[in-house]
S.K.: 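Quick one: structure below, then a few questions.
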Amino acid sequence: MTIQTIVVPDLGGVDTVEVIELGLSPGDSIEVEDSLLVLESDKATMDIPSPAAGALVKYLVAEGATVKVGDPIAEIEVAGEAAAATPEVEEVEQVAHEPAAEVVSASKAESEPQATPVEAAASSSAEQLILVPDIGSDDKVELIEISIAVGDEVAEGDTLVVLESDKATMDVPSTHSGKVLKILVAEGDKLGTGDAVALFEVVADAAVVDEAVIEKPAAIAVPAETVAIATAAPVETAADAIQSAPGQPAQPAAIAAAEPAATSDAAQVYAGPAVRLIARELGVALTDVPGSGPRGRILKDDVSNFVKQVMKNKDAPAAATGGSGIPPVPAIDFSQFGEIEELPMSKIQKLTAANMQRNWLNVPHVTQFDDADITELEAFRKGLKAEGEKRGVRVTPVAFLIKAIGAALEANPEFNRSLAVDGQNLIQKHYCHVGMAVDTPRGLVVPVIRDVNEKGIWDISAEITLLAGKARDGKLKPAEMQGGCFTLSSLGAIGGNGFTPIVNAPEVGILGVSKSQIKPVWDGSEFVPRLLLPMALSYDHRAINGGDAGRFMTHLVKLLSDIRYLAL
Ligand code: CAO
């Protein structure tokens with residue numbers, strides 16, 4: 001049996017290509033010319049054929065990695081006869097036994113004695129393949145972080161990479177000291193004991209093969225000859241020889257190229273091979289996808305959510321969409337600054353977050369402010385207290401606000417519209433349902449009070465109490481939260497003197513109400529104390545003009561300042 005390392009062949013002038021498909025699994029048998037893997041340049045996709053029949057030992061690259069001519073990409077095991085019959089393999093063997101040769105891979109007959117230490121000859125330095133030491137398990141574990149870079153001087157024991165299993169993360173220490181020439185793995189790869197991690201340049205003395213490391217994993221398929229490589233003479237690599245057509249000169253050595261396995265933007269994104277594959281199949285640029293996994297890792301769900309969002313925006317009319325191409329907020333590991341705790345969001349919180357972002361990005365907001373003088377309204381409301389107790393109804397300012405909003409919607413029908421999904425029409429509603437934001441322990445919900453123009457203050461007050469109670473108990477039915485024409489968000493009981501609410505699209509307006517306060521108001525001859533209610537009206541400027549908004553707000557202020565108008 002002979003192990004051959006397959007390298008990237010001459011790409012006809014293309015410098016780098018991306019590994020886009022690793023179609024085989026270790027142990028899969030292959031025939032001559034069978035496709036081992038698929039590479040893709042800017043212009044073309046190319047299958048890399050197997051030079052001989054045999055079986056795949058392992059890939060040396062991950063999907064998504066960027067490679068160049070001469071880079072090792074796979075190892076195959078070739079039957080003795082087939083190997084002998086392949087001229088390239090013969091050449092490999094010659095090179096492998098030439099002490100001064102720079103060798104990427106070498107063949108090794110099964111009958112030969114087991115790996116004996118190979119000294120670096122005629123050189124002060126040698127190349128050393130660095131393998132994963134015994135990690136105490138036969139399982140392959142995901143590589144989540146590469147801790148070295150090409151060119152780094154690494155001491156024995158320094159962390160090379162970090163692996164993460166279901167239960168723990170583990171630092172993989174270097175078995176040798178030396179300079180990193182090449183990194184042979186990418187984040188997201190699955191690694192096990194004996195897998196090759198990097199190629200180091202080590203001082204000659206240290207280049208004696210550590211048998212314990214090399215011989216331990218039988219599946220590793222890196223023969224001893226491969227491991228200690230003299231670099232004195234610039235001669236062809238065995239791998240180059242494998243890839244060169246018989247009779248043609250071999251390609252120049254590529255082994256010393258000081259470049260990580262993955263250098264494209266996409267390859268630098270933190271995502272595993274499966275995610276990269278899905279992204280490639282869906283045509284998603286991973287650089288555009290915010291990662292929600294640990295350390296910003298992109299998960300399959302992130303890719304599918306990204307696609308859903310793009311499709312949603314694509315299907316919506318130009319007039320009702322927007323917000324694409326927004327750079328993601330960087331993922332930060334806050335634990336580096338102090339103790340943290342991750343709290344799962346409730347379903348309502350997640351929905352609210354998605355809706356708020358959608359509305360904030362899609363709706364061109366304008367917010368208009370005014371104060372309503374509710375001195376008389378409050379006097380009247382307080383006067384209802386005794387009767388309210390008899391009726392079992394508590395009347396708060398919110399009931400008057402909802403009644404006044406209904407009347408203002410009737411007088412200003414522009415606010416009782418929605419943009420049609422075609423972006424070409426407006427839908428005028430001839431009903432008047434008002435939503436009321438309710439603050440609950442599970443998050444924000446908006447039950448809707450229907451036909452407010454047909455109801456009096458007692459009925460509206462009773463409904464506020466009923467719906468707010470249901471909202472806080474989590475007992476609202478979906479139908480009770482649908483059909484709103486306009487929303488009221490009252491923070492009056494909590495405090496603050498103003499805020500800018502976000503339109504609850506596809507509604508086109510929302511009123512934010514803050515805490516009323518007694519303030520001095522000039523009545524023409526003197527300052528008088530009046531109870532003023534601060535209000536902020538946010539509206540969708542695609543459907544509403546500033547003039548419409550001014551009229552709506554002025555009308556609302558008039559109704560609240562003199563509630564007799566509500567009776568008209
Ligand atoms: N200024 C001063 N006092 C006010 C007020 C205002 N604007 N609005 C209400 N109050 C008073 C009420 O009069 C009541 O006091 P009294 O019992 O002495 O009359 C007290 O504050 C408590 O009112 P309430 O909160 O129980 O009832 P409500 O009808 O005012 O509000 C509801 C109902 C559902 C709107 C409210 O409970 C709520 O959840 N508000 C939060 C809405 C919210 O979160 N908005 C933000 C959305 S965007 O993030």
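Just follow the structure's listing: the first ligand is 1, and inside any ligand the first atom is 1. Heads up: numbering here begins at 1 and tracks the sequence.
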S.K.: Heavy-atom contact check, 4.0 Å cutoff: does Q517 meet ligand 1?
M.R.: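 Under 4.0 Å: no for Q517.
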
S.K.: Does even one non-hydrogen atom of R472 get within less than 4.0 Å of ligand 1?
M.R.: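 Yes, R472 has a heavy atom closer than 4.0 Å to ligand 1.
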
S.K.: Does the K140 side chain pair with the main chain of D189, one donor and one acceptor, at a distance under 3.5 Å?
M.R.: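 Such a contact is absent between K140 side chain and D189 backbone.
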
S.K.: Using heavy atoms and a threshold below 4.0 Å, how should the contact between L533 and ligand 1 be classified: side chain, backbone, both, or neither?
M.R.: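 Only the side chain of L533 comes within reach of ligand 1.
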
S.K.: For atom 43 (C) of ligand 1, what is the nearest protein heavy atom, given as residue, atom name and distance?
M.R.: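 For this ligand atom, the closest protein heavy atom is L491 CD2, 3.6 Å.
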
S.K.: Tell me which protein heavy atom sits closest to atom 6 (C) of ligand 1, plus the residue, atom name and distance to 0.1 Å.
M.R.: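 I find the closest protein heavy atom is G492 CA, 3.3 Å.
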
S.K.: For atom 20 (C) of ligand 1, tell me which residue out of G388, A493, P501 has the closest non-hydrogen atom.
M.R.: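 Residue with the shortest heavy-atom distance to the ligand atom: A493.
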
S.K.: Would you mind finding which of A437, S489, G512, P397 brings a heavy atom closest to atom 42 (C) of ligand 1?
M.R.: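 Nearest option to atom 42 (C) of ligand 1, by heavy atoms: A437.
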
S.K.: Would you tell me which option among L467, T352, V398 has the nearest heavy-atom contact to atom 30 (O) of ligand 1?
M.R.: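 Minimum heavy-atom distance to atom 30 (O) of ligand 1 goes to V398.
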
S.K.: Is atom CZ of F499 surrounded by more than 12 heavy atoms (other residues, nucleotides or ligands) closer than 6.0 Å?
M.R.: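 Buried by this count: over 12 neighbours within 6.0 Å.
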
S.K.: Test your reading of the structure: does S514 have an N or O sitting under 3.5 Å from an N or O of ligand 1?
M.R.: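 So ligand 1 has an N or O lying under 3.5 Å from an N or O of S514.
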
S.K.: Report, in ascending order of atom number, the atoms of ligand 1 lying under 4.0 Å from any heavy atom of S490.
M.R.: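 Every atom of ligand 1 under 4.0 Å from some heavy atom of S490: 40 (N), 41 (C), 42 (C).
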
S.K.: Protein heavy atom under 4.0 angstrom of atom 18 (O) of ligand 1, is there one?
M.R.: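 Protein heavy atom within 4.0 Å of atom 18 (O) of ligand 1: absent.
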
S.K.: With a cutoff of 4.0 Å, is R394 in contact with ligand 1, counting heavy atoms of the residue only?
M.R.: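 For ligand 1, residue contact (heavy atoms, under 4.0 Å) with R394 is present.
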
S.K.: Does N497 CG have over 12 foreign heavy atoms under 6.0 Å away?
M.R.: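 Open.
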
S.K.: Mind checking the CD1-CD1 spacing from I183 to I146? Nearest 0.5 Å is all I need.
M.R.: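 Reported to 0.5 Å precision, the distance equals 5.5 Å.
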
S.K.: Under 4.0 Å from atom 15 (O) of ligand 1, can you find at least one protein heavy atom?
M.R.: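 Given the 4.0 Å cut-off, atom 15 (O) of ligand 1 does not count as touching protein heavy atoms.
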
